[in-house]
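Structure first, then comments.
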Protein chains: 2
Amino acid sequence: MSDAPRTPRPREEAAKLDAADELSGKREDFVLADENGERVVYLDGNSLGALPRTVPARLAEVVEHEWGRLRIRSWTESGWWTAPERVGDRIAPIVGAAPGQVVVGDSTSVNVLKAVVAAIRMAREDNPARTDLLVDETTFPTDGYIAASAARLTGAAIRALPADGIPGSVGPRTAAVLVNHVDYRTGELHDLPGITAAVHEAGAYAVWDLCHSAGALPVGLDEHGVDLAVGCTYKYLNGGPGAPAYLYVRRDLQPRFDSPLPGWNSHADPFGMSPAYEPADGAVRGRVGTPDILSMLALEEALTVWDGVDIEAVRAKSLALTDFFLRCVETHVPAGRVECVTPVDHARRGSQIALRCPDAGEVMEELIRRGVVGDFRRPDVLRFGFTPLYTSFADVEHAARVLGEVLAERAA
Amino acid sequence: MSDAPRTPRPREEAAKLDAADELSGKREDFVLADENGERVVYLDGNSLGALPRTVPARLAEVVEHEWGRLRIRSWTESGWWTAPERVGDRIAPIVGAAPGQVVVGDSTSVNVLKAVVAAIRMAREDNPARTDLLVDETTFPTDGYIAASAARLTGAAIRALPADGIPGSVGPRTAAVLVNHVDYRTGELHDLPGITAAVHEAGAYAVWDLCHSAGALPVGLDEHGVDLAVGCTYKYLNGGPGAPAYLYVRRDLQPRFDSPLPGWNSHADPFGMSPAYEPADGAVRGRVGTPDILSMLALEEALTVWDGVDIEAVRAKSLALTDFFLRCVETHVPAGRVECVTPVDHARRGSQIALRCPDAGEVMEELIRRGVVGDFRRPDVLRFGFTPLYTSFADVEHAARVLGEVLAERAA
């Protein structure tokens, strides 16, 4: 990072980039000010997406009319019962899946258990000698904890290793592999097509966690033959705090999907109330208990902002935003003050930039005080997420400039 | 059931009972009309509780202000992060638990898996010869399916038997017992104190499902030394469709609670993001992934209707309602047309009445058309739930009268 003097150039460049941005109109679909109506540069959509403007009215209708007036009738009349599959089909195109393979419900952690146990069971069924579960070693922690539980419950052996070491490590004893598509901390994009192909080459099953990629870049689940995938909906999908997660089960694997959570919602005839479990066909098999309707329908409404959006355009803007941020940091931030831990190579970059600096905790506090919201990941990482649907290039320039000011003041 | 002529007596009695009802004022806290503002006699609160009046405004605030304006800040500033324990402590007194033992989140089915696996693990730790899981044979189906999964995952043997046969069947090989407090279909109240004592006498662990009892009658979890319990919040607790469920772990067992779903929210230091799992102390250990905030805070608001309510008064009114319903059915319904399958003995009756009749499906459809909402459980059961906070004696009399009319017309 250079000592170059601050010039008006980045602001002019931001204005030009915003003027040429074909997604700029989407920004109006979100609430982006703070409680006093002040501008916030919100670069934390990779933790909690901003509120889509139409959600409050829709949720009020769900609560006041569907629950308040229709009550139990809404399970059929308002389409509550089929919401998990319906909302799943709204997510499907965003992650490159044909309809009928994504179901919404439960948390990401719970879906990791379903997916990993099911993957291990399929592998065992293929060949009982498949005993190993591999997990990328920088995984978001909950995936690692739940994968360890899945291994314990199925008698598998778990091993953590770098994601790029997986293709060289899979073999005849590998049952399943769990990988995060984008690393939550560094923003590194892992090679989903390559790793999935290597896992398949070895005869094992690939489970992908899409929390930090879905909605920010093309995933191509069907195209790359991914077996199972999970993801949350409250980051780039803007579904609201703790909104229900989703599970993808590739169509041809659905008849073999053997869930550790065979709740009544996944029964072939749930209202038959049979004491014997018989799984439903299709993605429904991934359901468990009664779906959380208020959150589910808030999410469904939030997903309407994706109407007409091309995920390739989102990716192009995401890369332009992160490229521009890095250039602005170069311009605004005192040399040597931060170290970028996100890969500069586009093929390995998600939609966030992680900067390491020793006083990251205090720096982020000060940034937030000045209306630039990113987050801090211990011990020393400043994390800035770029949501192509509502982040402008002016936001990016402003954030880098304020970051430079804060760092300069703290160094002085 | 008699052929007695219809007299105005039941209506007068209803008016007297309503006038003397100390809980009658609570009715105003709920929305009870239909979409046209017409009166509905809603006897399906044992499936989905009615909307408490203050929920829409609170939920609008959560969405528009906490999510919309504060966004990520709300995890701390709006108390989102600690909501699962805080809302758990609001449910605790309703089920007879001291604070710090109830945590809210996930569905009932998911909580059944946590509780049953944890119970089996504790029993095994006590004595590896404890290999058997007993489940009441008329359980709500999902409990049976999930218990079978828990048995499969832990290598336990599962056996279904009548709830009243459990005390005579537990022994040195019993690990855990899963029982529904109130049978979802018949409304039979199982003997929680007696069964729990027998399970403990045998050295095993008792897990209770409170879905159909919590909020309708005293449960006394602490008093009776229950080990683990689960329940939903959308029936008598009025939390909204698919609202998050809860898990009770008795305080002295919390250090031994070994969850099959050790998600990052149950970690001792969740934001340490450590690759090694270390469980938190207390009820927090029952958490899994990111809590579903919109539904959770709707539930929290819904629970405010319980302020100042004595659960013993709720039980007294519940029994008075079901007694009165049975008397009104006696008066209004043609003799022999229905058979009551709910125990008449107060000690064995929950807060619903189940009537068997061969054409139950068609009868319920017609009742609903006439504004009396109960539900139909295949093959031949009419189910009427009585929610003491909002069901009036006039409702009860009206429902029985309309039922009598429908049955008389269909017989004619």
Considering only heavy atoms, which portion of [X] lies under 4.5 Å from any heavy atom of chain A: side chain, backbone, both, or neither?
X        : result
B:Ala33  : both
B:Pro291 : backbone
B:Arg53  : neither
B:Pro262 : both
B:Arg121 : side chain
B:Val112 : neither

If you count heavy-atom pairs under 4.5 Å between each of [options] and chain A, which one has the most?
options                                : result
B:Arg73, B:Arg185, B:Glu66             : B:Arg73
B:Gly37, B:Gly105, B:Gly239            : B:Gly239
B:Pro260, B:Pro275, B:Gly155, B:Ala245 : B:Pro260
B:Ala60, B:Ser107, B:Pro141            : B:Pro141
B:Cys232, B:Gly45, B:Pro56             : B:Pro56

Find out whether [X] and [Y] are in side-chain contact, i.e. whether some heavy atom of one side chain is under 4.5 Å from a heavy atom of the other.
X        : Y        : value
B:Val288 : A:Asp106 : no
B:Ser109 : A:Leu261 : no
B:Tyr277 : A:Thr142 : no
B:Asp34  : A:Leu70  : no
A:Leu59  : B:Leu59  : yes

Which atoms of A:Val373 approach chain B - backbone, side chain, both or neither, heavy atom under 4.5 Å: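 Answer is side chain: those atoms of A:Val373 sit under 4.5 Å from chain B.
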Spacing of CG belonging to B:Asp375 relative to CZ belonging to A:Phe271, to within rounding of 0.5 Å: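 Taking CG in B:Asp375 and CZ in A:Phe271, the distance rounds to 9.5 Å.
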Separation of B:Leu294 CG from A:Met296 CE (nearest 0.5 Å):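 Spacing of CE (A:Met296) from CG (B:Leu294) equals 12.5 Å.
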Ring geometry between B:Phe140 and A:Trp264 (parallel below 30°, tilted from 30 to 60°, perpendicular above 60°):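 Taking B:Phe140 first and then A:Trp264, their aromatic rings stand perpendicular (interplane angle over 60°).
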Salt bridge or not between [X] and [Y]? Use side-chain N to carboxylate O under 4.0 Å.
X        : Y        : result
A:Arg378 : B:Asp269 : yes
A:Arg71  : B:Glu35  : no
A:Asp258 : B:Arg152 : yes

Taking all non-hydrogen atoms of both residues into account, name the closest pair between [X] and [Y] and its distance.
X        : Y        : value
A:Ser149 : B:Ser259 : OG-O, 4.5 Å
B:Asp292 : A:Pro244 : OD2-CD, 4.0 Å
A:Ser47  : B:Ile72  : OG-CD1, 3.1 Å

Report the option among [options] that has the most heavy-atom pairs separated by less than 4.5 Å from atoms of chain B.
options                      : value
A:Arg377, A:Met273, A:His267 : A:Met273
A:Leu32, A:Thr138, A:Thr108  : A:Leu32
A:Asp44, A:Val40, A:Leu153   : A:Leu153
A:Gly144, A:Pro270, A:Gly240 : A:Gly240
A:Ala160, A:Ala243, A:Ala276 : A:Ala276

Donor-acceptor contact present, side-chain B:Trp67 to main-chain A:Gly49, <3.5 Å: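 Pair found, side chain donor or acceptor close to backbone of A:Gly49.
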The single option from B:Thr290, B:Ile293, B:Leu297 passing side chain to side chain contact (heavy atoms under 4.5 Å, CB included) against A:Pro241: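 Between A:Pro241 and the candidates, side chain to side chain contact (heavy atoms under 4.5 Å, CB included) is satisfied uniquely by B:Ile293.
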